[in-house]
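Single-structure report; data block below.
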Amino acid sequence: MGSWRRSEAAALPPALRARLGILAALAALAVLALGILYTGRSTPGPLDERLGTEAYGVTSPWRNVALALDFLGEPAGSVALVTALVAGCLLLRRPRTAVLLVAGAALTVGAATLLKSLVGRTIHGDNLSYPSGHTAFATTTALALALAAAGRPSLGRTAAASLVLAAVVCAGAAMGWAEVALGAHYPTDALGGWCTALAVTPATAWLVDRAADRMADRTAGPRAGRPSDPSSRSTARGTTEGTAERMADAGRREHR
């Protein structure tokens with residue numbers, strides 16, 4: 001029973017660990033390959049042309065949609081969004097998902113920021129662009145929530161994997177489109193941000209589960225090995241000694 005509850009509340013559902021591990025490894029390779037390809041560049045590449053640089057410069061009402069999505073990736077918008085989602089997770093008794101939302105966003109955006117400095121790709125002058133931190137944030141947030149929903153026992157493995165895939169594709173595509181439409185990133189920057197989230201978030205979820213399981217084991221250990229109350233031991237000892245004395249007296253009377 002305890003193991004079932006632990007699996008249900010896991011930040012990374014056990015049934016998806018192998019698949020997401022493979023996906024994370026492939027995503028990391030994609031981030032590395034794109035980073036090497038576009039190191040130090042400041043112009044769109046062939047892959048950017050194929051992905052659709054014609055999305056640059058959309059007009060209303062789509063520009064307003066793009067601005068709204070972009071705001072969710074800005075510091076004020078992202079903090080407000082994560083705070084609201086964490087509160088909801090705590091109300092639903094999903095503390096591991098709440099931790100993943102915070103840790104996943106911090107580590108993914110931190111990784112994207114570090115990669116920007118290492119790759120050095122720029123857009124509109126000296127603005128570092130690869131990978132897109134906004135796209136990485138949106139993807140990791142959607143992935144954390146999708147993993148929580150995918151951990152429900154009523155979902156099969158295939159349905160859970162499909163749910164997670166749909167969530168990350170929709171979130172990454174929406175934020176990536178917004179960043180390209182506003183001219184803040186090249187399409188490959190958005191792709192790199194998406195892959196960064198897919199590489200970092202599953203590992204973060206696994207670490208959250210490991211830390212939570214160890215904490216639960218440490219808490220359960222002292223309770224299981226806790227000595228009984230001294231007064232109870234004294235009472236039990238007195239009862240045992242009294243019973244032995246009565247049995248001895250009965251034996252002596254029979255011999256008489």
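Along the sequence shown, the residues carry numbers beginning at 1.
Annotation: side chain of Trp177 is in contact with side chain of Val65 (closest heavy-atom distance under 4.5 Å). Trp194 has its side chain within reach of Val168: a pair of non-hydrogen atoms, C-beta onward, lies under 4.5 Å apart. Looking only at side-chain heavy atoms (C-beta outward), Tyr38 and Asp48 come within less than 4.5 Å of each other. A heavy-atom distance below 4.5 Å is not found between the side chains of Trp206 and Leu20. Within the 4.5 Å cutoff, the side chain of Tyr130 has heavy atoms near those of the Leu34 side chain. Side chains of Asp70 and Glu179 form a contact here, defined as non-hydrogen atoms less than 4.5 Å apart. Proximity of Ser129 to Lys116: side-chain heavy atoms (C-beta onward) are nowhere separated by under 4.5 Å. Taking 4.5 Å as the limit, every side-chain heavy atom of Met175 sits out of range of all side-chain heavy atoms of Thr141.
Annotation for Ala178 and Ala66: closest pair CB-O, 3.7 Å, computed over non-hydrogen atoms. Residues Ala111 and Val200 share a closest heavy-atom pair of CB-CG2, 4.2 Å. Listed here is the closest heavy atom pair of Ala197 and Thr140: CB-N, 3.8 Å. Across all non-hydrogen atoms, the minimal contact from Pro95 to Leu90 is CA-CD2, 4.2 Å. The two residues Thr196 and Pro131 come nearest to each other via the heavy atoms OG1-CG, 3.8 Å. When every heavy atom of Val86 is checked against every heavy atom of Ala98, the shortest pair comes out as CG2-O, 3.7 Å.
When atom types are taken as modelled, the side chain of Asp213 and the backbone of Arg210 share no donor-acceptor pair closer than 3.5 angstrom. Using a distance-only test at 3.5 Å, with no hydrogens or angles considered, a donor-acceptor pair links the side chain of Ser78 to the main chain of Pro75. A donor-acceptor pair under 3.5 Å is formed between the side chain of His124 and the backbone N or O of Gly183.
Tracing side-chain contacts under 4.5 Å through hydrophobic residues (I, L, V, M, F, W, Y), one never reaches Leu163 starting from Leu16; they form parts of separate clusters. Leu101 and Leu81 fall within the same hydrophobic cluster, where Ile, Leu, Val, Met, Phe, Trp and Tyr residues are linked whenever their side-chain heavy atoms come under 4.5 Å apart, directly or through other members. In the hydrophobic clustering of this structure, Leu85 groups with Val109; members are Ile, Leu, Val, Met, Phe, Trp, Tyr whose side-chain heavy atoms approach within less than 4.5 Å, directly or through other members. Following chains of ILVMFWY side-chain contacts shorter than 4.5 Å, one can reach Val180 starting from Ile123, so the two form part of one hydrophobic cluster. A continuous path of hydrophobic side-chain contacts links Leu69 to Trp62 [ILVMFWY only; heavy atoms under 4.5 Å].
Asp209 CG to Leu147 CG: the interatomic distance, rounded to the nearest 0.5 Å, is 9.5 Å. Cys195 contributes atom SG, which lies 8.5 Å from atom CG of Leu23 (distance to the nearest 0.5 angstrom). Going from atom CG of Leu47 over to atom CG of Leu191 covers 7.0 Å, rounded to the nearest 0.5 Å. Taking CG of Leu100 as the start and CG of Leu12 as the end, the distance is 8.5 Å to the nearest 0.5 Å. Considering SG of Cys89 and CG of Leu145, their distance stands at 6.0 Å, rounded to 0.5 Å. Distance OG1/Thr204 to CG/Leu143: 9.5 Å, rounded to 0.5 Å.
Donor-acceptor pairing under 3.5 Å is recorded for the side chains of Thr188 and Arg121.
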Can you check side chain to side chain contact (heavy atoms under 4.5 Å, CB included) on Leu182 and Arg63, steps first, answer last?
CA-CA 7 Å; Leu182 294 173; Arg63 179 173 175 79; 3.4 Å; yes
